[in-house]
Participant: 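A single structure is presented below for examination.
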Amino acid sequence: MTRKQRRSALIGMCLAVLGLAVGLVLFALEDSIVFFYSPSDVSEKNIKPGQRIRLGGLVEEGSVKRGENTTVQFTVTDTAKRVPVMYTGVLPDLFREGQGVVTEGKLGSDGVFVADSVLAKHDENYMPPEVAEALKKQGVWQGEGAKPKVN
Amino acid sequence: MIAEIGHFSLILALGVALAQTILPIWGAQQRDNTLMRIGAPAAQAQFCLLLLAFFGLMIAYVTSDFSLLNVFQNSHSAKPLLYKISGVWGNHEGSMLLWVLILALFGCAVAMFGRNLPPDLKANVLGVQGSISVAFLTFIVTTSNPFTRIDPAPFEGQGLNPILQDPALSFHPPFLYMGYVGFSMAFSFAVAALITGRVDPAWARWVRPWTLAAWMCLTLGIAMGSWWAYYELGWGGWWFWDPVENASFMPWLAGTALLHTALVMEKRDSLKVWTILLAILTFSLSLMGTFLVRSGVLTSVHAFAVDPERGVFILGIMVIFIGGALALFASRAQVLRQGGIFAPVSREGALVLNNLLISTACAAVFIGTLYPMALEAVTGAKISVGPPFFNATFGPLMVPLLIAMPFGPFLAWKRGDILGASQRLSVAAIVTMLVIIAAYAFSGSGPWLAPLGLGLGIWVIAGALSEIAFRVKMFKAPWDEVFRRLRNLPRAAYGTTTAHIGIGVMVLGIVATTTWQSEKILSLKPGQSASIAGYELKYMGVEPHKGANYSEQIALLVVSRGGEEVTRLFPSKRLYVAPKTATTEAGIHAAWTGDLYSVLGDELKDGAFAFRLYFNPLVRFIWIGTLIMFFGGLMSLTDRRLRVGAPKPARVGVRPAAAE
């Protein structure tokens with residue numbers, strides 16, 4: 001092989017791998033990205049049933065109802081709008097009424113959001129950043145005064 | 001008083017670091033030996049001062065001196081001693097202090113062990129190393145001072161986040177930082193090489209042990225973090241593609257690539273430009289990891305404090321160092337003359353493929369981690385890029401890498417023989433086929449990819465073993481010759497094989513856990529049973545219990561298999577007093593075939609509790625694999641040819657393809 005051929009073989013290999021990677025990334029970005037919405041967004045933006053989204057807000061006081069086995073129903077609210085959520089599974093340690101929560105799943109055709117994961121992070125003062133911002137937009141954010149504890 | 005001494009040493013260290021930055025580099029420009037020699041003692045002094053500062057803070061923690069704001073915010077007198085000590089780095093200020101301490105430790109090591117480095121290279125390396133110290137010490141002194149006093153001093157501290165109170169996590173940050181910061185050596189050497197304009201095989205030989213040591217620590221640090229997440233978070237998983245995990249994983253990937261390409265440069269004087277670039281990028285990714293974790297851009301257990309001023313400061317440091325190094329690279333790269341040429345099929349070619357795949361995979365992780373932030377900054381849309389993205393991009397890129405891995409060591413430098421290599425790997429290939437067939441036969445209706453994945457792991461292990469077998473003429477020569485050859489093989493060769501076997505073992509664990517994991521979520525009343533993966537679990541009830549600084553509810557699960565009691569599991573929910581936090585403690589039964597993993601959920605109607613049960617087949621292989629990789633690295637590191645600063649043995653050229 002001449003030097004030129006060697007070089008083109010190497011460059012060809014690089015391009016092949018990079019092409020593969022770009023293809024994979026584009027394909028995966030198309031398929032596996034999940035958008036975050038607040039309850040207001042859900043009603044404004046006409047989210048189609050069956051689309052996978054993240055829904056975040058506060059767990060409405062008094063809305064948590066235990067069903068059969070480990071099924072739980074509760075309402076996520078940003079005080080302007082509310083979305084009923086159904087979840088089967090174990091709720092995280094810090095799931096509480098009145099606290100911020102992020103759920104991931106699909107909106108059913110009956111308007112009930114069927115979640116397959118519920119996140120409430122590890123700090124008692126923690127507010128998922130998306131939720132905090134969504135609440136700020138609604139003007140109900142009071143967290144700023146209560147200094148977030150370090151750590 | 002002790003705090004003041006610590007504070008004073010911290011500021012003094014900043015001054016020394018400034019001297020260490022300016023004088024040696026200036027001396028190297030002026031060819032002034034006296035100035036150049038200042039680098040070494042300055043680096044040692046800086047290390048001693050920072051050690052003093054660090055111990056000062058540690059004493060404040062151990063004695064619960066709550067007149068320090070940092071101690072007050074992150075410690076509590078009722079905490080066990082281990083967590084008082086680990087509390088030093090369990091917060092933003094202390095962890096940054098640990099960061100610079102380790103940085104200075106590496107600088108000090110160069111000063112002490114780099115006696116036979118060319119003086120101008122050594123001066124420049126220490127200078128660059130010093131400049132990183134200056135930046136981070138300024139950061140600490142101006143924005144994150146751990147020695148700030150509060151008056152009046154409170155009686156009691158606020159406590160350390162309970163989920164951080166864990167033995168594995170106590171040592172996770174030091175190892176992670178040893179890795180992160182260790183790559184600064186590669187960076188400093190790369191920048192110094194660009195300044196002096198000289199890059200040769202000797203350069204690679206000096207850089208490689210440092211990179212290897214950093215890589216080993218990072219491997220262990222990441223493994224500890226993952227192990228902790230597995231048993232402490234109670235989610236049953238071991239890796240979540242969380243941005244913080246990715247932040248430590250990206251430097252690891254780049255560092256792995258760097259280890260391999262430095263080999264090409266050392267043996268063949270080739271791929272110089274790429275190696276230098278990779279050295280810069282690896283540390284840049286470490287800096288970015290520090291930025292992501294410390295700036296509060298991400299919110300997680302790691303983002304200790306959300307303070308925009310600090311974020312901007314670290315961003316500034318990052319821009320200056322990465323931008324500066326890349327600009328220097330752009331202007332000086334053409335100085336580096338390319339060395340030996342090689343055919344596409346050759347050891348070099350194989351290592352290029354390795355680098356290509358690893359760095360592309362690293363880029364994919366990079367995109368997945370930063371795309372959501374970039375998108376939010378530009379359009380305001382909030383998205384999350386979760387595990388599906390990484391599985392779809394990272395996974396496929398690893399498959400060809402693992403297939404090609406056993407071939408590499410069998411190819412000769414310059415021009416390799418792929419047919420010959422295939423023949424030598426035929427035993428490994430047969431073993432792999434048998435395992436795949438057996439796995440299909442036993443797994444029955446499981447996912448069809450799983451047996452192939454297991455085969456991949458076996459292929460890597462068998463391929464690595466074949467290499468040693470071939471080199472010692474196993475089954476070909478008489479046994480005494482085989483033993484003689486086994487003894488004479490360089491340790492670095494064993495190191496490579498061991499590390500590659502570690503990868504294989506880890507792949508086995510990952511494939512088995514992800515494809516054959518069983519999960520059950522159910523509610524149980526006392527006396528009721530559940531079954532998973534052949535185990536029968538009988539729930540006996542919940543009992544309250546009081547710990548040192550928490551109260552908990554412990555459930556008792558009696559585990560039996562085929563009527564015989566195997567073990568008892570005690571999953572629990574804890575409520576810590578300070579700070580007030582609830583945590584879940586998983587009950588885990590470990591066996592060779594896999595872990596039985598139980599988590600206690602909330603209390604439901606009529607006395608029942610929710611439970612989450614998992615069976616994770618072969619999950620321990622993942623961490624055993626990383627440990628094997630670590631020991632592989634250790635073996636290579638103790639090889640005398642690689643020993644820090646060891647002179648090159650004269651015979652090295654004659655040795656038949658000394659393989660790493």
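Just so we're on the same page: letters track the sequence lines, and every chain starts at 1. What you are looking at is a predicted structure, and each value in this text was computed from that prediction instead of being measured.
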Participant: Name the option with the most non-hydrogen atom pairs under 4.5 Å to chain A; the candidates are B:Phe390, B:Phe394, B:Phe342.
Facilitator: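 Looking at each option in turn, the highest pair count goes to B:Phe342.
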
Participant: Please state whether the side chain, the backbone, both or neither of B:Thr584 comes within less than 4.5 Å of a heavy atom of chain A.
Facilitator: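 Both backbone and side chain.
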
Participant: Nearest 0.5 angstrom please: B:Leu356 CG to A:Met13 CE, how far?
Facilitator: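 The CG atom of B:Leu356 sits 5.5 Å away from the CE atom of A:Met13.
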
Participant: Say you draw a straight line from OH of B:Tyr371 to CD1 of A:Ile33; how long is it, rounded to the nearest 0.5 Å?
Facilitator: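 Atom-to-atom, B:Tyr371:OH and A:Ile33:CD1 are 5.0 Å apart.
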
Participant: For B:Leu522 and A:Thr70: C-alpha separation, side-chain torsions, deciding distance, then whether side chain to side chain contact (heavy atoms under 4.5 Å, CB included) applies.
Facilitator: CA-CA 6 Å; B:Leu522 68 180; A:Thr70 58; 5.6 Å; no

Participant: First locate atom CG of A:Leu24, then atom CZ of B:Phe389, and finally report the distance between them rounded to the nearest 0.5 Å.
Facilitator: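 If we round to the nearest 0.5 Å, A:Leu24:CG and B:Phe389:CZ are 9.0 Å apart.
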
Participant: I need the B:Thr393 OG1 to A:Phe27 CZ distance, nearest 0.5 Å.
Facilitator: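 Here the rounded value is 11.5 Å.
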
Participant: Please find the pair of heavy atoms, one from A:Val25 and one from B:Ala364, that lie closest to each other, and give the distance.
Facilitator: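 Distance-wise, the nearest heavy atoms are CG2-CB, 4.2 Å.
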
Participant: Name the region of A:Leu29, side chain, backbone, both or neither, that has any atom closer than 4.5 Å to a heavy atom of chain B.
Facilitator: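 Its backbone and side chain both get close to chain B.
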
Participant: Could you state the interatomic distance from CZ (A:Arg66) to CG (B:Asp602), rounded to the nearest 0.5 Å?
Facilitator: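 It is 4.5 Å, given to the nearest 0.5 Å.
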
Participant: Which residue, A:Thr71, A:Thr88, A:Val90, forms the side-chain contact (heavy atoms from CB on, under 4.5 Å) with B:Ile521?
Facilitator: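 Only one option passes, and that is A:Val90.
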
Participant: Under 4.5 Å heavy-atom distance to chain A, tell me which part of B:Leu353 shows up: side chain, backbone, both or neither.
Facilitator: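 Both parts, backbone and side chain.
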
Participant: Decide yes or no for A:Val17 and B:Leu357: does some side-chain heavy atom of the first lie under 4.5 Å from some side-chain heavy atom of the second?
Facilitator: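 A:Val17 reaches B:Leu357 side chain to side chain.
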
Participant: Could you note down all residue pairs passing salt bridge (Lys or Arg N to Asp or Glu O under 4.0 Å) where residues 348-358 of chain B supplies at least one of them, sequence neighbours left out?
Facilitator: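 Those involving residues 348-358 of chain B are B:Arg268-B:Glu348.
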
Participant: Once you round to the nearest 0.5 Å, how far does OG of B:Ser384 lie from CG of A:Leu119?
Facilitator: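 These two atoms lie 9.0 Å from each other.
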
Participant: Can you tell which part of A:Leu91 gets under 4.5 Å to a heavy atom of chain B, answering side chain, backbone, both or neither?
Facilitator: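 Both parts, heavy atoms under 4.5 Å.
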
